[in-house]
Structures are given as C-alpha cells and as structure tokens.
*Asks:* 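One structure is given below, represented as structure tokens, and several questions about it will come after.
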Amino acid sequence: MELTGKIIAVMEPRGGVSARTGNSWKTQEYVLEVPGQYPKRCVFNVFGEDRINQFNIQNGDELTIQFDIDAREYNGRWYNDVRAYNVIRGQQPVAGAPVAAAVASEATSPFPPAQEPAGEGSTDDLPF
C-alpha cells in the first residue's frame with residue numbers, strides 16, 4: 001500500500017538491543033498528512049538505522065511512502081504497526097492508474113464486455 005502527503009512531525013529515534021539475538025536495532029516514527037477536504041494523518045515508522053539514513057526524512061518533505069500494516073497484541077490490547085519499506089520523494093502520480101481502474105471495473109462488472117455484431121461479410125458463421 002502507499003500514501004502520498006507531507007511530513008508534519010519527526011519523532012526521536014528509538015533503539016536498543018534485541019534480547020533474542022543480541023543485535024542492536026533502531027526505529028524512528030514520522031507523521032504523514034494526506035491532503036484533501038478533510039486531511040488525514042498517519043503515523044508510520046522506518047525500522048533499521050541503514051534505512052533511516054537512506055530515506056533521510058525531514059519535516060516538511062513531500063513523500064510517497066510504500067508500507068505494510070501489521071497488528072500485534074500486548075497485555076490484551078492490539079496495536080497497529082505501519083512500517084515503511086520504500087520512500088519516493090515528491091508527489092508522483094501512480095503510473096497506470098487509469099488503466100488499473102479500467103481493468104478493475106471490467107473485472108467487477110456483472111456483464112461481459114460489449115462486442116461488435118458480426119456483419120454479413122464476416123467469416124464468423126457461428127449463430128451466437
């Protein structure tokens with residue numbers, strides 16, 4: 001999944017050492033505001049110091065984030081985790097969006113696509 005918007009908050013990075021593997025880890029959270037009549041906000045995180053440095057997300061950046069959503073349970077409560085795996089700078093339209101919409105509408109249409117009627121000079125001699 002992906003969202004396009006503007007970064008309105010950059011949280012402090014958090015890190016530690018994994019109790020299971022003994023490796024160090026680092027994560028950082030950001031708030032993305034998606035424009036519209038009623039703007040929406042989404043908190044997402046980037047996991048791994050290498051990705052945090054690679055993406056170099058700053059307050060005010062216009063980004064498209066590609067992310068996965070997962071949920072986890074802790075003490076009887078469930079929490080969502082929105083983890084970005086790719087960041088694209090600037091607002092870019094999704095390539096092939098009109099084509100994808102047309103294909104989706106054909107796939108969900110209850111009627112088969114319209115076909116041209118066979119003329120008298122047609123080689124198609126089927127009666128249907």
*Asks:* State whether the number of non-hydrogen atoms from other residues, nucleotides or ligands found under 6.0 Å of Y74 atom OH is greater than 12.
*Replies:* no

*Asks:* How about Q54 and N56: does a side-chain donor come under 3.5 Å of a side-chain acceptor?
*Replies:*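 Per modelled atom types, Q54 and N56 side chains form no pair under 3.5 Å.
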
*Asks:* How many angstroms lie between CZ in R89 and OG1 in T64, if you round to the nearest 0.5 Å?
*Replies:*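 These two atoms lie 11.0 Å from each other.
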
*Asks:* What are the two closest heavy atoms between P35 and G5, and how far apart are they?
*Replies:*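 Looking at all heavy atoms of both residues, the closest pair is CD-CA, 4.1 Å.
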
*Asks:* Can you tell me how far the CD atom of E29 sits from the CE atom of M11, to the nearest 0.5 Å?
*Replies:* 6.5 Å

*Asks:* How far does CG of N86 sit from CD1 of I65, to the nearest 0.5 angstrom?
*Replies:* 10.5 Å

*Asks:* So if you build clusters from Ile, Leu, Val, Met, Phe, Trp, Tyr with side-chain heavy-atom gaps below 4.5 Å, do M1 and V82 land together?
*Replies:* yes

*Asks:* Apply side-chain contact (heavy atoms from CB on, under 4.5 Å) to L3 and C42, showing your working.
*Replies:* CA-CA 9 Å; L3 284 173; C42 175; 4.1 Å; yes

*Asks:* Quick check: F67 with F44 (ring centres under 6.0 Å apart)?
*Replies:*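 No, the ring centres sit 6.0 Å or more apart.
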
*Asks:* So, are R41 and E33 salt-bridged, with charged N and O less than 4.0 Å apart?
*Replies:* yes

*Asks:* Applying the 4.5 Å side-chain criterion to the ILVMFWY set and letting contacts propagate, would V43 and W78 be lumped into a single cluster?
*Replies:*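 No, separate clusters.
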
*Asks:* Any non-hydrogen side-chain atom of L63 less than 4.5 Å from a side-chain atom of I7?
*Replies:*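 They are in side-chain contact.
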
*Asks:* Would the distance check show the side chain of D61 and the main-chain N or O of I57 forming a donor-acceptor pair, the cut-off being under 3.5 Å?
*Replies:* no

*Asks:* Can you hop from Y85 to F55 via hydrophobic side chains spaced under 4.5 Å?
*Replies:*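 No; tracing contacts between hydrophobic side chains, which count when under 4.5 Å, never links both residues.
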
*Asks:* Please confirm whether the backbone N or O of V46 pairs with a side-chain atom of T27, one donor and one acceptor, at under 3.5 Å?
*Replies:*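 Flag set: sc T27 to bb V46 pair under 3.5 Å.
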
*Asks:* Would you mind listing every salt bridge (charged side-chain N to carboxylate O under 4.0 Å, His left out) that reaches into residues 66-81, with sequence neighbours excluded?
*Replies:*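 Salt bridge (charged side-chain N to carboxylate O under 4.0 Å, His left out) check on residues 66-81 returns D81-R83.
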
*Asks:* For the side chain of Q28 and the backbone of F47, is there at least one donor-acceptor N/O pair under 3.5 Å apart?
*Replies:*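 Such a contact is absent between Q28 side chain and F47 backbone.
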
